[in-house]
Amino acid sequence: PDTLELMATARHVHFACAPDYSSDAPLFAALRKLRCRTSIDVQAHYSWLTKPENLLLLRQCDMFFPNEREGEWCSG
């Protein structure tokens with residue numbers, strides 16, 4: 001089964017990684033459409049947090065777990 005099929009019945013999925021926007025954005029959108037809550041902790045990947053397309057991905061998440069430094073990077 002593909003990733004979405006495995007996650008389709010979940011109520012919540014946590015991503016402890018810095019997902020690739022181009023390949024993972026459709027997964028995040030599909031989970032949202034299925035009313036599955038998502039959370040993300042990108043593990044202090046500064047280069048990931050400073051790319052505008054990845055901030056779009058963050059906006060699709062229900063919860064983001066930034067540490068203090070990550071919060072500063074994202075909020076300016």
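Everything quoted here is computed from the prediction, not taken from an experiment.
- Here the side chains of Leu55 and Leu58 are in contact, with some heavy-atom distance below 4.5 Å.
- No more than 12 heavy atoms of other residues, nucleotides or ligands shown are found within 6.0 angstrom of CZ on Arg69.
- Using a 4.5 Å heavy-atom cutoff, the side chains of Leu31 and Phe15 are in contact.
- Residue Cys36 comes nearest to Val13 through the heavy atom pair SG-CG2, 3.7 Å, listed as atom of the first residue, atom of the second, then distance.
- The structure places CG of Leu57 at 7.0 Å from OH of Tyr21, a figure rounded to the nearest 0.5 Å.
- Cluster annotation: Leu49 is connected to Leu56 through the hydrophobic network of ILVMFWY side chains, with a link wherever side-chain heavy atoms come within less than 4.5 Å.
- Here the straight-line distance linking atom CD of Gln60 with atom CG of Asp24 works out to 10.5 Å at 0.5 Å rounding.
- Residues Met63 and Ile40 do not share a hydrophobic cluster, defined by chaining ILVMFWY side chains whose heavy atoms lie under 4.5 Å apart.
- In Glu53, the CD atom is crowded: over 12 heavy atoms of neighbouring residues, nucleotides or ligands sit closer than 6.0 Å.
- The nearest pair of heavy atoms linking Asn54 to Pro19 is OD1-O, 4.2 Å.
- Residues forming a ring pair (Phe, Tyr, Trp, His ring centres under 6.0 Å) with Tyr46 (at least two apart in sequence, or on another chain): Trp73.
- To the nearest 0.5 Å, atoms NE2 (His45) and OG1 (Thr50) are separated by 12.0 Å.
- The cluster map of Ile, Leu, Val, Met, Phe, Trp and Tyr, joined by side-chain heavy atoms under 4.5 Å apart, puts Leu27 and Leu34 in the same cluster.
- Atom CZ of Arg35 is separated from atom CZ of Arg11 by 11.5 Å, given to the nearest 0.5 angstrom.
- The OG1 atom of Thr38 lies 6.0 Å from the CZ atom of Phe28; values are rounded to the nearest 0.5 Å.
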